[in-house]
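All remarks here apply to the structure that follows.
Just so it is clear: chains get the letters A, B, ... in the order the sequence lines come, proteins before strands, and each one is counted from 1.
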Amino acid sequence: MSNAQGIAEQAVLSAHRISKSFGEIPVLFSIDFDIKPGEVHAIIGENGAGKSTLIKVLSGIEQPTSGTIHFDGKAVTLPPNGEAEAMGIVLIHQELNLAEHLTVSDSIFLGREIKKYGFLDLAEMRRRSAEVLDTLHVHVDPDARINTLSVADKQMVEIAKAISRDARVLIMDEPTAVLSVGETETLFEQIRRLTARGVAVIFISHKLDEIMDLADRVTVLRDGQLIATVSTEALTPDSIAQMMVGRELSNLYPPKHEPDVDAPVVLSVRGLQAPGVNEISFDLRRGEILGFAGLIGSGRTAVAEAVVGLTHKTAGEVSMNGKAADFSEVAKSVAAGLAYMTKDRKGRGLLLNMGLQPNLTLLTLKKHLKGGFLDQNSEAQALERAVRRFDIRARDASVRVGQLSGGNQQKLMLGKTMESEPDIIIMDEPTRGIDVGTKQQIYHIIAALAAEGKSIILISSEMQEVIGLSHRVLVMREGRLAGKLEGAEIVEAEIMRYAAGIKQGGDDERISA
Amino acid sequence: MSVSAHEGAKPARGLRIDFKTLGPLLALILLVILGYLLNPLFLGEGNITNILTRSAFIGIIAVGATFVITAGGIDLSVGSMAAFIAGVMIIVMNWAVGAMGASLWTVLFGIGCSLILGVGAGFINGFLTTKAKIEAFIVTLGTMGIYRSLVTYFADGGTLSLATGARDIYRPVYYDSFLRIPYPVWVFILVAIVGWVLMNRTAFGRYCMAIGSNEHVARYSAIKVDRVKTATYILQGLCVSLATIIYVPRLGSASAATGVLWELEAIAAVIIGGTMLKGGFGRVGGTVIGALILTAIGNILNLTEIISNYLNGAVQGVIIVAAVYLQRGSLRTGRKKAAE
């Protein structure tokens, strides 16, 4: 719990004993954080460690439940809704906040347009935009529409926007997640230029090598706790990974039952190519839980969606039980006994404005037809079964699904998926955003399904989960398989090395671009 | 149901009137009482029959529109489509009369053409929205203009009239009754019942609601979204064709003025009935009541002197806005509950 630099005398922005709870759920516990002018300070931690909440508190978007924030040495309450920008604290969101149809110059001056006689002074705004872009050495036409720009250029526009607002603290949430290596290099040059001018930069990244490259200090968070703030020279990627991990497996996870040695391969994927997916091959055996680890956006969901026919694969073969299984639409994969449970339960999984029953049976409505008409008794019985089997708790049957807690929504979605009686289930982030009690229930359900002889692909960004449940783990990075782990090799630091690109895949000597 | 009693605070329910379910019916009852008080003739058998018959056109079309809107679409072309189908029907029947003389077959031939045209026009709307991925509003705005201009062209700017021989045979379809209820009303009742069953008792209706509620969820739930959406437009076309079949014998003619603004009246009936314009929630019963309300307003204004009949549109407009406001009001309280 040491703040390596002590309370910095000349910190531009600092947080003291910041805690934050959402409702009754604590997310941050007494965090100390500070940043000095001209410094790059990285925040790192697993998903759910509290990184995003911390930067939201630092930029005023969220107010801390307790603790104080100092700006220029004075205790302040940062104004909400991004008004802290006026004070020079600018947050650049991961999903960039630019209006797609405006021009670059419009965007840079959005909300504080320069006016002359009450009308927009377009020429002046264009001139000043060009100026700012020039100082950044960014070659973007101020008149170009945002939607014609690459993601990297959009990010540059966001930075230009921040500069034009005289940003003193620039906070970036995973700025490199969507950038190529070359684009990342350009971004880092920009950041170095900014810090040379005294701008303080806070950034979140999962990529350890980048942090080693760019940051002066690193703050490691885990489960909402401050683990350490250390200067980068004192660190190696391995020691950061160790700090991020360092937690013991509790009995949250049921004991693993290894599948039979001679269990047949039920799903085989060879050379799969699809948008965001590059040359993926793997086998899944009967009764096996195969974990898919990797960073967000590493292509795991894209693999699942291509396999079940939600998206079209451009090349590669999929076979089930030795027979070709190239599904052109979801209905076919469901009929074949392969079900995919989406990670986006609110946007893709459930109809929030409808009741439990229509949601449960939506995937398998044909089962409840009697002479062409819906048999609501049969639907009600299905719901009763699912409520019992998955312990779904709702006030009454008429309640809309949007009113259920995340955990109950997740269990309902699991029920919906299992209604199709699949042999192979791909579960994408099955415990995202739900409480630990429900997580444990879901873990036990998953293990029980595998023990029954179902085969499961578990996609999860929570490494503990992948480690606690999987018999084998595949790690994806930038659309490719970065590594395969089995048995005792399945440890968090090892997964992290593959996921962050410190280590390249074992049996596959390809080096990713 | 053995759903355990947990999960959040219990919102105050019970005595509150659910405007979405009962509202349209209450409004209709109030309107009927009002109409009777203003002029007792309003509840005369002749007038009731008149209201029912007149509401049949909009009502039948609106039942189709309920499906389109529930599935998240919109069809602006129905009025023009009706005029176009009426025009083509008349041309075709006149040709048949010229070639073979007037007989029952002439009328059946015309009806057959109408059904084919309706289904075809609906398919075109559906195909363009789903496969060509053009917004339904734009597609149907386009086809609306096309059909309207085609019927004007066919009529050469004037009126297409059905040949007398065929008109005599066809006339009873609009003017005759069965069990003292006119045929158009029977068709309306039939369409309403079939529509209600489709919406509430078949997988198709459930899929419409799912798609209108969240198309992504529908796709991830293995629903063939494009096919279902196209089917709603085909159903809409079929309803337009049925409405046209009972409309043509009324005047025996079609012109550029046929079916003007029917699309808006149909949409209004759907919305007054409690279906949400953004989709996801469809009420065929409500739509039927909505169509009756719209016709009753016009009828009351005709029978009384208090408000000029010329203000019919204004009164309808007020009712539509009020209906939507009430729906949203009850939804807002629903959302507050969800936030607890």
Please classify the contact of [X] with chain B as side chain, backbone, both or neither, using a heavy-atom distance under 4.5 Å.
X: A/Leu352; answer: neither
X: A/Lys416; answer: side chain
X: A/Glu305; answer: side chain
X: A/Thr361; answer: side chain

- Step through the shown structure and confirm whether more than 12 heavy atoms of other residues, nucleotides or ligands are within 6.0 Å of CD on A/Glu100. yes
- Task: Please check if atom NZ in A/Lys367 has more than 12 non-hydrogen atoms from other residues, nucleotides or ligands closer than 6.0 Å.
- Result: yes
If I take atom [atom1] from residue [X] and atom [atom2] from residue [Y], how far apart are they, to the nearest 0.5 angstrom?
X: B/Tyr220; Y: A/Leu310; atom1: OH; atom2: CG; result: 5.0 Å
X: A/Asp375; Y: B/Arg201; atom1: CG; atom2: CZ; result: 10.0 Å
X: A/Leu363; Y: B/Ser221; atom1: CG; atom2: OG; result: 6.0 Å
X: A/Leu362; Y: B/Tyr207; atom1: CG; atom2: OH; result: 7.0 Å
X: A/Arg348; Y: B/Arg219; atom1: CZ; atom2: CZ; result: 7.5 Å
X: B/Ile223; Y: A/Glu329; atom1: CD1; atom2: CD; result: 12.0 Å

- Query: Below 4.0 angstrom, N of the basic side chain to O of the carboxylate: do A/Glu379 and B/Arg206 qualify?
  - Reply: yes
If you look at every heavy atom in [X] and [Y], which pair is closest and at what distance?
X: A/Asn353; Y: B/Ser213; answer: OD1-OG, 2.6 Å
X: B/Ala222; Y: A/Val334; answer: CB-CG2, 4.2 Å
X: B/Val217; Y: A/Leu350; answer: CG2-O, 3.4 Å

- Any donor-acceptor N/O pair, B/Asn214 side chain to A/Gly347 backbone, under 3.5 Å: yes
- Message: Is there a side-chain contact between B/Thr202 and A/Phe373 in this structure, where contact means two heavy atoms from C-beta onward sitting under 4.5 Å apart?
- Response: yes
